[in-house]
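Written below as structure tokens is the structure these notes are about.
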Amino acid sequence: MSSTADDRPNAEFLWTADEHRRVGREVADWIATYLTSLPAAPVFQPVPTDAAAAMLATPVPEAGEPIDAILHRFEQEIGDYPFGNGHPRFSAWVNSPPAAIGIYAQTLAAAMNPSVAGGNHAAVWVERQVIEWFKSIFGFPHESMGLLVSGSSAAAITGLAVARHAAAARIGWDMRSAGAHIVSESGAPIRMLVYESAEAHSCHQKAVELLGLGSAQIRVVPSDDALRMLPDALDAMLAADIAAGALPIAVIASAGTVNTGAIDPLDALASVCARHRVWLHVDGGYGAPAILTDEYRTQLAAIGRADSVGIDAHKWMYVPVDAGMVLVRDAKLMRDTFSLVPPYLRSDDDRHGVHGPPWLSEYGSEQTRPFRALKVWMALRYFGTSGYARLISHDIAMARRLADRVRTTPELELREPQGLSIVCFRAVPAALEGDDAAVDALNQRVLASLQLGGKAFLSSTVLGGRTWLRSCVVNPGTTPEDIDAVLDAVLDAVRSYL
Ligand SMILES: Cc1ncc(COP(=O)(O)O)c(C=O)c1O
């Protein structure tokens, strides 16, 4: 097949059924080989600099190419240089491998290619069904609302936009028309404040900046030694700020921080927020799916008390990127924040007609919306919540194996407490004890050599001003042998620098 394969009009656009089947089989064949041979491949190798330069220097194609040539290019120029996150010895950041069902679901969604802005077509109902399932998993009421979004960053923007709208409306300020510079009746500016711990993901600062609040309005709430926000400190800060005339917009709590997997005391924080009538946004981007496990069900149950929550099925539910979600307890407020359909024209029930249920685009910032929900729907049907509980528990067990091995290795120090499936540790060889700068430098060199060495891939973080190696296991394909191999690679690197 080529772009000029036959003389049917627009033949390159209108593939025959046989052409679809042939290309589909070739693609499936590549996927099968790629995913099953990953464990034997280097975890990561950078794109050679000359290849990257050649990519940028390649002019826009004027004439089309045959599909076989394009697939060949894909194999040579792209497929050999993955990010690394499909590999069982990659445990950096929070990037899982794709569940196979999600890969094919994404293709099916693309084949239908609807805009899920709204209407009475299946994709809208699939998204609504997925939202219902997540409401029931996280204890949100049926009357609440949600949307699939690109990720927890978009969930934060959405949740905090509703929070800002709600707080302003309570003091009679119309955020949508008057904008984000609230003034009192006497014309004095009113400070709008957002509260988070130092461990909150940076996407929340981005959201605060984008919403025009300004990052100077973020109040950092102290944490305990386990890096969990202190509810009493939050309580005191809110009381003082409110007494001083400020308008608290939201508190951002973490259901698993990105650095250490710390879970903020969600129930106590929800009570503080309720007492001060302040919005609680829970960042569940990484840790929220652990609610499906017996071990974390109770600790994460108070997510159901939040006003909004961000969840990423593309992280610890292994759905291909992107598959984020925001749930908002008050559906009306969510719609009032975003809808541009005047109330008298809004249709709440056209379930027999073309319009369908209220349009999803009325609840968020996007109009044309992708069919993200299909891959989440298929993955949940395929694994079920019990399958997810098993897979997530596996990842936690692998992280604990790594933590146990670190604890019993004299040259290594474990950052305690270890949380969810994240392990922070560092090399502290006796020869460098007491020399913080040298220990940091050693760990940075170890990390760089690991990442480029191809045997294991970790990330790093800074805790208490010191560099730590960081492993986050979100891969059901990671075996105990992989964990041991990661630790061996770390020790080899450490010893090579002493
Ligand atoms: C805990 C946590 N929150 C929020 C985010 C941001 O989510 P996203 O990248 O899906 O927008 C991340 C990303 O790693 C995260 O780990």
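Keep in mind that what you see is a predicted model, and the values were worked out from it rather than measured. Order of appearance sets the numbers: ligands from 1, and atoms from 1 within every ligand.
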Would you mind listing which atoms of ligand 1 come within a distance below 4.0 Å of any non-hydrogen atom of [X]?
X      : result
His314 : 10 (O)
Val94  : 16 (O)
Gly256 : 1 (C)
Gly151 : 10 (O), 11 (O)

Among protein heavy atoms, which lies nearest [atom], and at what distance?
atom                    : value
atom 15 (C) of ligand 1 : His201 CD2, 3.4 Å
atom 11 (O) of ligand 1 : Ser153 OG, 2.6 Å
atom 10 (O) of ligand 1 : Asp312 OD2, 2.7 Å
atom 16 (O) of ligand 1 : Val258 CG2, 3.4 Å
atom 7 (O) of ligand 1  : Lys315 NZ, 3.0 Å

Work out whether the distance between some heavy atom of [X] and some atom of ligand 1 is less than 4.0 Å.
X      : answer
Gly287 : no
His204 : no
Cys203 : yes

Does a donor on one side chain and an acceptor on the other come within less than 3.5 Å for [X] and [Y]?
X      : Y      : result
His87  : Asn475 : no
Gln129 : Trp377 : yes
Ser152 : Asp312 : yes

Kindly assign one of parallel, tilted or perpendicular to the pair Phe134 and Phe138, based on the angle between their ring planes and the thresholds 30° and 60°.
->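 Answer is parallel, since the angle falls under 30°.
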
For the residue pair Phe83 and Phe90, categorise the inter-ring angle as parallel (less than 30°), tilted (30 to 60°) or perpendicular (more than 60°).
->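 Tilted.
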
Ignoring angles and geometry beyond distance, decide whether [X] reaches within less than 3.5 Å of ligand 1 through its nitrogen or oxygen atoms.
X      : result
Ser150 : no
Thr257 : no
Asp283 : yes

Would you call Arg401 and Asp404 a salt bridge, taking side-chain N to carboxylate O under 4.0 Å as the test?
->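 No, no charged N to carboxylate O under 4.0 Å.
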
Glu132/Lys135 ion pair, N-O < 4.0 Å =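 So Glu132 pairs with Lys135 through a salt bridge.
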
Between Val272, Leu269, Leu280, Asp241, which is the residue that forms a side chain to side chain contact (heavy atoms under 4.5 Å, CB included) with Tyr195?
->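 With Tyr195 as partner, Val272, Leu269, Leu280, Asp241 yield a single side chain to side chain contact (heavy atoms under 4.5 Å, CB included), made by Asp241.
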
Does Arg89 count as lying over the ring of Phe457, i.e. NZ or CZ under 6.0 Å from the six-ring centre, within 45 degrees of the axis?
->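 Not flagged: Arg89 not positioned over aromatic ring of Phe457.
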
May I ask you to check whether Trp93 and Tyr286 place their ring centers less than 6.0 Å from one another?
->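 Trp93 vs Tyr286: aromatic centres not under 6.0 Å.
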
